[in-house]
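Model, not experiment: these values are computed from the prediction. Proteins come first, then strands; the chains are lettered A, B, ... in the order of their sequence lines, and each starts at number 1.
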There are 2 protein chains.
Amino acid sequence: MDHRSPCPISSFLDLWGDKWSLIVIRDLMVGKTRYKDLADGPETVPDSILANRLKKLAEWGVVDKVRYHDRPPRYAYVLTEKGESLRPVLLAMSDWSQTNLPSRWSTPDWFKEARPAPRFAPEEE
Amino acid sequence: MDHRSPCPISSFLDLWGDKWSLIVIRDLMVGKTRYKDLADGPETVPDSILANRLKKLAEWGVVDKVRYHDRPPRYAYVLTEKGESLRPVLLAMSDWSQTNLPSRWSTPDWFKEARPAPRFAPEEE
DNA sequence: CTACTAACTTTCAATACGAAAGTTAGTGAG
DNA sequence: CTCACTAACTTTCGTATTGAAAGTTAGTAG
């Protein structure tokens with residue numbers, strides 16, 4: 001990933017400035033872990049976008065992809081620390097929308113704090 | 001503007017989820033007011049995008065366009081309250097980049113607090 | 001007139017998006 | 001041991017957005 005300038009804001013937007021990446025992060029933050037669950041949010045991410053974004057998120061080190069069941073093959077996507085640290089950004093966005101846009105959902109209290117990452121068997125320390 | 005869902009995060013991204021809109025907001029927050037100055041940032045917004053975004057920002061009520069000089073015609077773009085209230089979001093983004101990306105500029109202290117909007121003569125209360 | 005500047009606007013090739021269909025690996029029913 | 005079904009992708013392809021460059025409009029200055 002190359003950046004347009006050393007500005008931290010523009011660099012943030014180089015990574016996250018699109019309509020879907022942070023939606024996927026949000027869903028991981030509310031506890032979703034599987035591809036299917038991520039695909040079925042209130043906004044219905046296109047499949048082609050979801051697969052692409054999950055790949056990017058893994059490359060950038062903000063999610064771990066864990067094969068937690070072999071037969072049938074099943075995968076879990078879990079936020080890393082780096083991914084979890086995006087929460088304040090999402091909360092700031094949420095606040096802005098709630099005070100500036102009419103009738104948005106209000107942020108549930110449990111979303112406001114980092115939750116322990118779901119644990120999956122393979123190769124965890 | 002229509003929203004994908006009532007989620008405040010996805011609604012925020014419906015408005016701001018692109019690579020340039022918040023760059024323009026950032027530049028207005030550092031005190032730039034004129035088209036030319038906005039066009040000459042460290043990232044060089046394409047003209048076609050800048051004009052388009054300024055139009056949207058005015059429509060959405062986050063900037064005021066003020067003709068502050070008649071001959072020659074000169075315009076100033078100034079953030080409204082609604083626009084100014086995006087500052088916490090930009091600061092959260094900035095924080096994330098500074099702790100997670102190498103060698104980004106650090107946020108100047110004066111950027112961290114809302115500054116009085118520049119005053120221009122025409123039709124202000 | 002001619003040159004020059006601010007503030008746009010238009011053009012157009014390239015990239016990104018997104019709906020839909022197809023693929024792969026596996027389970028379970030008959 | 002074929003048929004139907006599900007999770008997790010991948011591919012295709014028409015549409016929308018992007019961005020580099022050139023053009024436009026209104027005005028000043030020589």
| field | Contact letters for nucleotides 15-22 of chain D, in which S counts primed atoms plus P, OP1 and OP2 and B counts the base, heavy atoms under 4.0 Å | value | ---SBB-B

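Here C:dC17 presents its C1' atom at 14 Å from CG of A:Leu50, a figure rounded to the nearest Å. Atoms CG (B:Leu57) and P (C:dA7) sit 16 Å apart, rounded to a whole Å. Between A:Lys55 atom NZ and D:dA8 atom C1' the separation is 11 Å, expressed in whole Å.
With salt bridges taken as basic N to acidic carboxylate O contacts below 4.0 Å, none links A:Lys19 and A:Glu43.
Within the structure, ring-ring contact (aromatic ring centres under 6.0 Å, His included) contacts touching residues 30-64 of chain B (residues at least two apart or in different chains) are B:Trp16-B:Trp60.
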Between the protein and nucleotides 25-30 of chain C, which nitrogen or oxygen pairs are less than 3.5 angstrom apart?
unit_1, atom_1, unit_2, atom_2, d
C:dG26, OP1, A:Arg71, NH2, 3.4

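For the residue pair A:Ser11/B:Ser97, the side-chain donor-acceptor check at 3.5 Å is not satisfied.
Listed by residue number, the members of residues 26-43 of chain B with any heavy atom below 4.0 angstrom from DNA chain C are B:Arg34, B:Tyr35, B:Lys36.
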| Does the pair B:Leu79 and B:Met29 meet the rule for a side chain to side chain contact (heavy atoms under 4.5 Å, CB included), with working shown? | CA-CA 8 Å; B:Leu79 283 177; B:Met29 282 181 184; 3.5 Å; yes

| message | Determine whether A:Asp18 and A:Arg53 satisfy the following criterion, side chain to side chain contact (heavy atoms under 4.5 Å, CB included), listing intermediate values before the conclusion. | response | CA-CA 10 Å; A:Asp18 73 275; A:Arg53 293 304 188 275; 3.2 Å; yes

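Side-chain contact between A:Ser85 and B:Trp96: present, with at least one pair of heavy atoms (C-beta onward) separated by less than 4.5 Å. In this structure the side chain of A:Val62 never reaches within 4.5 angstrom of the side chain of B:Asn100, judged on heavy atoms.
Distances shown here put every side-chain N or O of B:Tyr77 at or beyond 4.0 Å from the OP1 or OP2 atom of C:dA6.
Qualifying side chain to side chain donor-acceptor pair (under 3.5 Å) partners for A:Asp14, counting only residues two or more places apart in sequence or in other chains: A:His3, A:Arg4. Evaluation of the side chain to side chain contact (heavy atoms under 4.5 Å, CB included) rule for A:Asp95 yields no partner, not counting sequence neighbours.
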